[in-house]
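Have a look at the structure below before the remarks.
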Number of protein chains: 2
Amino acid sequence: MKDVAQHAGVSTATVSRVLNGHAAPTPETRERVLAAIEELGYRPNALARSLRTTSTQTLGLVISDLLNPFFAEIARAVEDEARSHGYCVVIGNADESAEQEATYVRTLLDRRVDGLLLCPATDDPSLVREVSAGGVPLVLLDRTVRGATCPVVRADGSEALTALARRLVGAGHTRIGVIAGPPNTSTGRERTDVLTGSLGGLAQVVHGDFRQESGSQAAARLVDDGATALVAMDNLMGLGALGEIRARGLQIPHDIAFAVFDDQPWFPLLDPPITVIAQPTVEMGQAAALSLLALIDGRQPDDVRLTAKLVLRGSLGEAEL
Amino acid sequence: MKDVAQHAGVSTATVSRVLNGHAAPTPETRERVLAAIEELGYRPNALARSLRTTSTQTLGLVISDLLNPFFAEIARAVEDEARSHGYCVVIGNADESAEQEATYVRTLLDRRVDGLLLCPATDDPSLVREVSAGGVPLVLLDRTVRGATCPVVRADGSEALTALARRLVGAGHTRIGVIAGPPNTSTGRERTDVLTGSLGGLAQVVHGDFRQESGSQAAARLVDDGATALVAMDNLMGLGALGEIRARGLQIPHDIAFAVFDDQPWFPLLDPPITVIAQPTVEMGQAAALSLLALIDGRQPDDVRLTAKLVLRGSLGEAEL
DNA sequence: GAGCAGTAGTTAATCGATTACACATGTATC
DNA sequence: GATACATGTGTAATCGATTAACTACTGCTC
């Protein structure tokens with residue numbers, strides 16, 4: 001910057017004003033400065049700028065697993081929305097581990113992100129408190145924590161789950177296997193509670209960890225126990241369950257009815273196509289980014305609840321008639 | 001930091017020394033400083049530190065599309081490897097657009113990443129030159145550019161493609177549809193060249209853009225033209241092609257043989273499971289991260305070529321006998 | 001022509017760390 | 001007891017920007 005100033009025969013203050021579009025400099029000076037910038041190929045140092053202004057134009061996003069297409073889609077949406085507002089997004093992968101999540105959150109805070117989007121790995125509010133205590137704008141995404149005091153953006157699957165339960169019961173299933181998420185996550189618990197609630201005693205629950213492997217294991221146990229219908233509570237566990245079903249040579253829906261919470265582009269390609277509860281991922285990402293930007297802006301956004309929808313495709317068999 | 005120093009009754013220099021594990025401070029002073037840090041909940045400002053040290057402990061990763069599981073997996077691997085070396089990764093989404101790619105690269109440079117991993121959207125070397133001119137360590141990943149002068153990490157699918165071609169020809173296919181990537185990407189061109197080369201005149205090529213929609217369209221055209229076998233050059237176009245095949249009610253492999261470049265966890269779940277050329281994505285990500293770290297370290301890593309493997313699963317029909 | 005306002009630009013403090021250099025103290029050596 | 005050397009700590013410059021406060025100049029009014 002000093003070089004540019006010298007080159008243009010002005011002070012660094014003037015260069016800075018040109019850079020930041022301040023009113024002061026004469027069109028003529030402005031020209032000279034811009035020419036010097038061009039000539040020297042100067043690019044401002046964002047670190048120095050941020051240090052001075054205490055704004056990094058950066059949002060932090062900590063998610064559980066980038067390999068989970070659900071989160072990838074959310075990340076993508078957040079990123080798009082943020083960019084269109086002039087913000088960058090730094091993504092952190094917590095790998096469903098509370099410890100790694102905490103590490104990442106702290107790293108992001110150390111780098112002075114302007115705000116943080118968090119998909120909490122567990123119910124535990126301590127990390128959220130820590131962030132709030134630091135005064136950093138925070139929005140929770142997809143999941144919440146006990147006694148959360150910050151805006152939350154999530155999908156509401158109750159209606160869809162109730163509808164799904166009604167169909168399963170209506171079709172005469174009496175042993176319905178639920179491959180649930182971890183009970184210490186809000187999504188894991190709530191979805192399962194709603195579904196088992198509506199199934200009134202017909203449900204058998206096995207908890208997984210939102211990963212493929214746990215899906216296969218849960219499916220194996222539930223099928224062994226005589227389940228005639230299986231509902232997986234996220235797409236990765238669904239993938240695992242489908243693998244197990246296939247490995248056992250079971251036919252959907254003839255031998256077993258099947259549904260997944262979370263849609264994926266390849267579900268319609270299976271035979272039969274898989275019935276799902278589709279979450280509005282893109283909207284969730286957008287809404288979360290917007291809430292966070294509002295918070296950064298000093299406004300107080302409301303919580304957002306978007307509805308997930310039941311999409312019938314055939315894998316429930318007669319339950320879809 | 002000043003507060004901590006005051007609290008511990010020392011100067012900021014000493015605090016800094018404790019923080020950075022310098023030899024100097026007395027165990028006793030160290031204790032006092034650490035106590036003060038603890039008490040005040042002090043966390044060092046990474047911006048200020050980076051400004052002073054000119055090192056951000058951050059790598060930039062610019063990929064074409066986070067929604068493409070291939071890149072998501074790579075991103076994940078890069079991130080893991082980087083973290084284990086004490087580095088953070090900032091991911092940028094170029095969305096297969098050269099322009100957005102350039103924007104992102106510049107943003108990352110402005111933030112003074114210590115090194116950059118780039119999956120170039122096109123063959124054009126100008127962006128790469130710009131980065132190199134800036135003296136920032138750079139490694140290309142998955143794709144290369146014309147006359148690249150920096151380390152490149154990629155998968156070599158020649159052998160697998162040749163093997164695939166041999167099988168298709170051997171099984172008597174005479175109109176083989178190739179859903180190719182964009183000709184202005186190295187992967188798009190090279191894969192297609194190798195395959196069509198080994199198919200010796202039996203290939204019909206339609207270029208897509210590595211996205212689902214273009215896959216369906218290409219598949220539609222090729223099937224209309226009488227193709228009895230289809231090869232998609234990446235998983236998203238493969239997804240699109242499968243959709244089209246299904247929409248037309250064609251049976252794999254009876255009506256049409258099918259294979260995809262890129263494996264995905266759900267390919268084995270289809271009926272029949274899809275034959276693929278699997279790329280070692282995790283290894284690619286790791287290798288790229290390691291190469292970049294080496295470069296940052298002042299060493300000169302070699303190019304890395306990992307081999308992609310043909311995985312036969314049944315979707316080629318008699319070609320797999 | 002003195003007084004005032006307005007404009008364009010400069011000087012220097014500042015953000016929060018790191019670190020070369022200076023300084024004070026204690027120990028070993030002759 | 002003077003000299004040298006090691007050791008622990010403090011002082012202040014520095015990284016590259018932003019910006020409040022100030023200066024210099026022009027032009028206008030009375």
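Protein chains get the first letters and strands the later ones, always in sequence-line order, with residue 1 at the start of each.
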What is the separation between atom [atom1] on [X] and atom [atom2] on [N], rounded to the nearest whole Å?
X: B:Arg43; N: C:dG16; atom1: CZ; atom2: C1'; result: 15 Å
X: A:Ile37; N: D:dG16; atom1: CD1; atom2: C1'; result: 14 Å
X: B:Leu51; N: C:dT18; atom1: CG; atom2: P; result: 11 Å
X: A:Arg111; N: C:dG16; atom1: CZ; atom2: C1'; result: 16 Å
X: B:Arg30; N: D:dT7; atom1: CZ; atom2: C1'; result: 14 Å
X: A:Asp110; N: C:dA17; atom1: CG; atom2: C1'; result: 13 Å
X: A:Asn45; N: C:dG16; atom1: CG; atom2: C1'; result: 14 Å
X: B:Glu28; N: D:dT9; atom1: CD; atom2: P; result: 8 Å

Please tabulate, one pair per line, each protein N/O and nucleotide N/O from nucleotides 18-20 of chain D that are separated by under 3.5 Å, including the distance.
residue, atom, partner, partner atom, Å
D:dT18, OP1, A:Asn20, OD1, 3.3
D:dT18, OP1, A:Asn20, ND2, 3.1
D:dT18, OP1, A:Arg49, NH1, 2.9
D:dT18, OP2, A:Ser16, OG, 2.5
D:dT18, OP2, A:Asn20, ND2, 3.3
D:dT18, O2, A:Arg52, NH1, 2.5

All N/O donor-acceptor pairs, side-chain side in residues 109-116 of chain A, below 3.5 Å, sequence neighbours left out:
residue, atom, partner, partner atom, Å
A:Asp110, OD1, B:Arg43, NH1, 3.4
A:Asp110, OD2, B:Arg43, NH1, 3.2
A:Arg111, NH1, B:Thr58, OG1, 2.2
A:Arg111, NH2, B:Thr56, O, 3.3
A:Arg112, NH1, A:Leu109, O, 3.2
A:Arg112, NH1, A:Asp110, O, 3.4
A:Asp114, OD1, A:Thr56, N, 2.9
A:Asp114, OD1, A:Thr56, OG1, 3.1
A:Asp114, OD2, A:Thr56, N, 3.3
A:Asp114, OD2, A:Gln57, N, 2.7

May I ask you to say whether [X] pairs ionically with [Y], meaning some side-chain N is under 4.0 Å from a carboxylate O?
X: A:Asp65; Y: B:Arg76; answer: yes
X: B:Arg106; Y: B:Glu101; answer: no
X: A:Arg211; Y: A:Asp95; answer: yes

Considering only distance and modelled atom types, tabulate donor-acceptor pairs under 3.5 Å from the side chains of residues 84-91 of chain A, sequence neighbours left out.
residue, atom, partner, partner atom, Å
A:Ser84, OG, A:Glu81, O, 2.9
A:His85, NE2, A:Glu81, OE2, 3.2

- Message: At 4.0 Å (heavy atoms only), tell me whether A:Thr29 reaches a base, stays on the sugar-phosphate, or touches nothing.
- Response: sugar-phosphate

- State, with a plain yes or no, whether a side-chain heavy atom of A:Val62 is found less than 4.5 Å away from one of A:Leu108. yes

